[in-house]
Every structure is written in structure tokens, then in C-alpha cells.
Number of protein chains: 2
Amino acid sequence: MKSESSTVIVAARIRTDIISGVLPPRSKLGEAALAKQYSVSRIPVREALRSLEAEGLVESRPYSGSVVAPSPIEDAEDLFEIRIVLEAATVRRAARRSAAQSCEGSPDPGWWPIRKEINEILAAGDEVIAEERFEDLAVLNMRFHFAIAELSGSLSLVSLLRQISGKIEWLYSLNVTRRGPQAWPEHREIIAAVDAGQRDKASDLMASHVRRSRDSYFAMMSEQRPEDPAS
Amino acid sequence: MKSESSTVIVAARIRTDIISGVLPPRSKLGEAALAKQYSVSRIPVREALRSLEAEGLVESRPYSGSVVAPSPIEDAEDLFEIRIVLEAATVRRAARRSAAQSCEGSPDPGWWPIRKEINEILAAGDEVIAEERFEDLAVLNMRFHFAIAELSGSLSLVSLLRQISGKIEWLYSLNVTRRGPQAWPEHREIIAAVDAGQRDKASDLMASHVRRSRDSYFAMMSEQRPEDPAS
DNA sequence: GTCGCATATTTTGTATACAACATCGCCTCG
DNA sequence: CGAGGCGATGTTGTATACAAAATATGCGAC
């Protein structure tokens with residue numbers, strides 16, 4: 001396994017704490033406190049905070065420190081809308097790359113490791129479903145979508161997806177449960193279309209997949225809070 | 001004027017150099033060199049690089065340093081597609097907020113400064129057009145779109161727009177000219193719809209505006225390079 | 001008792017210094 | 001002559017130390 005720098009580890013842990021709700025919006029993120037908590041100096045903490053700031057999870061003002069950004073819950077609809085377009089684009093490019101590779105004899109060295117990983121993710125998901133450990137499905141789901149994005153070969157789309165996914169995960173943290181295992185088999189249809197190089201089909205399937213995810217989210221929200229969440 | 005930290009200044013300058021093509025993709029970004037260039041220590045440089053990494057403009061590997069990310073030119077269509085949805089969303093929220101503020105007596109302290117700034121931007125654009133200094137229009141155009149996003153009051157959408165806009169500016173850097181001044185008056189129609197609280201109209205106008213921008217980009221591209229840019 | 005101001009304390013911003021790791025060149029061995 | 005190991009060199013990662021700014025504290029005046 002490749003070892004990561006402290007900065008990346010600290011950023012990941014703070015991100016998790018924000019997204020999971022351990023650190024609620026407007027929480028003060030004191031550098032000294034975080035440094036002590038993670039047993040590092042302030043330098044990696046500061047760099048992590050800069051990353052999170054660029055991701056829109058943290059707000060910073062000079063000489064005033066960093067606080068957790070307001071929750072993106074007001075933007076839920078817009079974020080899903082954007083995610084539909086974005087993920088449809090990633091999977092389309094993935095299918096395109098798949099087709100280009102099958103027809104011509106282009107090497108594409110980065111393709112198969114990721115393609116292999118997707119199979120592992122799908123298998124792990126099936127196992128998790130069989131054992132009814134549904135709480136592990138969320139992270140596998142995210143890994144699947146990121147793997148598809150990497151399959152697209154486009155760094156810009158991956159970094160955009162990272163930003164949007166973070167926010168959408170954050171939305172879900174306000175609820176407890178997730179969309180159940182009935183969504184999982186859809187992943188296989190998507191990757192099948194990618195493998196077949198069917199761009200339009202892959203794109204449409206992904207868009208529908210994300211749309212259902214969105215509808216499930218809003219259904220959940222209206223169950224828990226019958227009143228309109230806006231303001 | 002509010003003073004910024006060195007980190008922010010350095011990040012802005014590196015970002016400009018990347019987007020403008022001074023630093024081509026795959027350029028090595030040595031920390032010591034950048035520190036000397038901007039007369040600061042390596043700490044602000046490192047923090048700036050972390051921000052740019054989160055924005056997808058820079059790639060970093062542990063103990064191996066940072067390089068400029070590959071150009072997003074392959075993703076041009078997808079980026080425009082996402083931007084259409086994103087900006088339609090920001091302007092819709094701006095119109096919504098405008099309407100909410102007009103009807104009720106809600107304070108909304110942050111509204112008027114930005115609304116004022118938009119007027120200044122529009123006036124500056126008119127002046128620039130009158131004097132035919134069209135090269136200054138690009139930065140004003142960007143400022144207009146960011147101001148609209150801020151008017152939406154949504155930090156998540158602003159940070160997404162920052163990321164996408166950066167990449168789209170990067171696309172344009174490969175050409176020299178921009179979409180001419182005939183697009184500028186469209187901004188006034190958009191802000192008029194916002195002020196009137198007409199969400200759908202504002203959203204549709206913005207979507208069309210960005211679509212025309214996209215079409216102009218691709219027309220320019222096909223002029224300069226008749227062959228298909230995709231591989 | 002409250003407001004305002006000066007000072008003290010805390011926190012952030014930056015520079016310097018050192019440790020860990022990668023890379024390149026050279027030397028030895030096959 | 002080429003391949004692999006080994007050290008020199010340079011770059012990145014992190015810690016400590018200090019400077020600058022904001023916030024908190026306490027005193028005095030009204």
C-alpha cells in the first residue's frame with residue numbers, strides 16, 4: 001500500500017468529521033487543537049484546511065481562523081441536478097474509451113487496473129448485501145462512482161465529482177439510513193454498457209440511477225420533516 | 001481594500017500562470033523556485049499548491065512534488081454542459097432571493113453590496129466596449145458571473161463555479177480572442193430578470209447565454225483547427 | 001451598571017531549520 | 001559493455017520558533 005502524507009490523512013479525517021456531522025456547521029477549527037488531536041504540527045493541519053477550503057467545506061478569514069461551512073442542504077436539488085449531468089458525462093467518456101480500446105489496439109495502460117477494481121467493488125457489494133450489512137454499502141457505492149470517473153480518464157471530471165460527492169454525502173449525514181440495496185444491481189447494467197462501448201445507453205442509465213438516488217433522498221427528507229426544508 | 005494573505009496571493013498568481021498558459025501542463029512546480037520568485041518562504045507556496053490541487057489544476061505526489069495538471073481541453077463539452085446547469089441554478093437562486101427580499105421585509109444584509117457591485121461591473125463593461133478595449137472584457141465577464149453566484153447566497157455553488165470557471169478559462173487560453181462584445185448586453189437582461197424575481201426566466205436566459213458562449217468556443221476551435229480536436 | 005479604551009492573551013501567518021525520501025551519477029561486478 | 005547497487009545531491013515533508021493581528025480581559029470614566 002502507498003503511504004500518504006500527514007496532510008492528506010488529516011484532511012481526510014476532518015472531511016469525514018464534517019460530512020458525518022461530528023463537526024457541525026460554524027464549528028471553529030482551531031489549528032492548535034487539531035494539531036494536538038492528530039499528533040502533528042500545525043503545518044499539515046493548515047495545508048489540510050486549505051484543501052478543505054478549496055473544496056468548499058471550510059471557510060477561512062485571515063487572522064480569524066477557519067470554521068465549518070454552512071451545510072449545503074439548501075442546494076440539494078441543484079447539487080443532484082449537477083451530479084446527474086456530471087456522472088452521465090463521466091460514464092459516457094468511460095464507454096467511449098472502452099470502445100476505442102476494443103476496436104483499435106491502443107495500449108491504455110491505466111484501464112485494466114481500474115476495470116479490475118470495479119469488479120472487486122461489485123463483488124464486495126454483492127457480499128455485503130448477502131450478509132445484510134447494508135451500512136457498508138454507502139462507501140462501496142461511492143467507490144464505484146469514483147472508479148467510473150477514473151475510468152473516464154479525465155482528471156477535471158474526477159475532481160469535480162470529488163467536490164460534488166462530498167457535498168452530497170454531507171446531505172445524507174443528516175439522515176441515518178441510505179438508499180437500500182435495490183439500487184446496487186443497477187451498477188452492473190451501467191458497467192455492462194460501458195464495456196460494450198454503448199455511450200448513450202451508459203449515459204442514460206447513469207442519469208436515471210442518480211435521479212432515483214435523488215428522488216430517494218427527497219422522499220426520505222419529506223418523511224422525516226414534512227414541512228418544506230427551504231428556510 | 002481588504003488585504004489578503006501571501007498564500008492567497010501566491011495561489012492566484014500561479015493559477016493565472018497556469019490558466020494563461022505561461023505554465024504549460026506537466027510543468028514542474030518546484031517549491032523553492034516559486035518561493036524565490038514571489039519572495040516568500042515555502043510555507044505559503046505549499047499551501048497555495050494544496051488549494052490548486054483541490055481545484056484540479058495541479059497534481060501532487062508525496063516526496064515527488066507538484067506538476068501542472070493536463071489541460072481539460074478534452075472535457076470541453078462536458079464542462080460547458082455542467083456549467084449550463086450550474087449557472088442556471090445560481091441565477092435561479094439569486095432571483096428567488098431577490099423575490100423573497102422584495103416581498104417580505106427580510107434584512108439580507110449581504111444582498112445590496114453585491115447587487116451594487118454588479119451595476120459597477122456592467123457600467124465598466126459598457127465603458128470598455130465604448131472604448132473598444134475588448135481584451136478587458138474577459139475579466140469583467142468572469143466577475144459578473146461570480147457576482148451572480150454570490151448573489152445566490154450559496155457557498156457550495158460558488159465553490160463549484162470557481163472550479164469550473166477556472167477550467168473553462170483554461171480552455172480559452174489556447175485561443176487568443178474571446179467572444180465579442182455582442183454578448184455583453186445579455187447580462188443586463190439576466191440581472192433584470194433576477195431583480196424582478198423571475199426565476200424561470202432568469203434561469204433560461206442564463207442557460208442560453210452560456211450555451212451561446214459554448215457554441216462560440218467550439219466555432220472558434222473548429223476555425224483554428226479544422227480537424228476534430230478529440231484525439 | 002454600562003460603555004469605551006488600553007493592555008494581555010490567544011491565535012493565526014510566516015520564516016527558518018532539520019529529517020525523510022527520491023533522484024541522479026558513479027562505481028563495481030557480472 | 002551493460003546491469004545493479006550505493007552514495008551524493010537536491011527536493012519535499014514536518015517541526016519549532018517568532019512576528020503580526022484579532023480577540024478577550026480588566027480598568028476607569030460616565
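Order of the sequence lines fixes the chain letters, A, B, ..., with proteins taken first and strands second; residue numbering starts at 1 for each chain.
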Any idea which of [options] is nearest the [X] side chain?
X       : options                : value
B:Ser41 : C:dT16, C:dG13, D:dT16 : C:dT16
A:Arg61 : C:dA15, C:dG13, D:dT23 : D:dT23
A:Arg46 : C:dG13, C:dA15, D:dG13 : C:dG13

Using a strict 4.0 Å threshold on nitrogen-to-oxygen distance, state whether [X] and [Y] make a salt bridge.
X        : Y        : result
A:Glu55  : A:Arg162 : no
A:Glu77  : A:Arg214 : no
B:Glu127 : B:Arg133 : no
A:Asp75  : B:Arg93  : yes

Could you give the [atom1]-to-[atom2] distance, from [X] to [N], as a whole number of Å?
X       : N      : atom1 : atom2 : value
B:Lys36 : C:dA15 : NZ    : P     : 14 Å
A:Arg42 : D:dA19 : CZ    : C1'   : 12 Å
A:Tyr38 : D:dT14 : OH    : C1'   : 18 Å
B:Leu34 : C:dA15 : CG    : C1'   : 17 Å
B:Tyr63 : C:dC21 : OH    : P     : 5 Å

Below the 4.0 Å mark, does [N] have OP1 or OP2 next to a side-chain nitrogen or oxygen of [X]?
X       : N      : result
A:Thr7  : D:dT14 : yes
A:Arg50 : C:dG13 : yes
B:Lys28 : C:dT23 : no
A:Ser6  : D:dG13 : no

(message) With nearest nucleotide decided by heavy atoms, which residue, A:Glu31 or B:Ser39, maps closer to the 5′ end of DNA chain C?
(response)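 Its nearest nucleotide being more 5', the pick is A:Glu31.
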
(request) Please tell me which of B:Ile43 and B:Leu29 maps to the more 5' nucleotide of DNA chain D, matching each residue to the nucleotide holding its nearest heavy atom. (result)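 Between the two, 5'-proximity favours B:Leu29.
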
(message) Heavy-atom nearest nucleotide on DNA chain D for B:Ala32 versus A:Ser64: which residue maps closer to 5'?
(response)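 First, find each residue's nearest nucleotide; the 5'-ward one identifies B:Ala32.
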
(message) Side chains of A:Ser159 and B:Gln163 only: does a donor on one sit below 3.5 Å from an acceptor on the other?
(response)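 There is such a pair between these side chains.
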
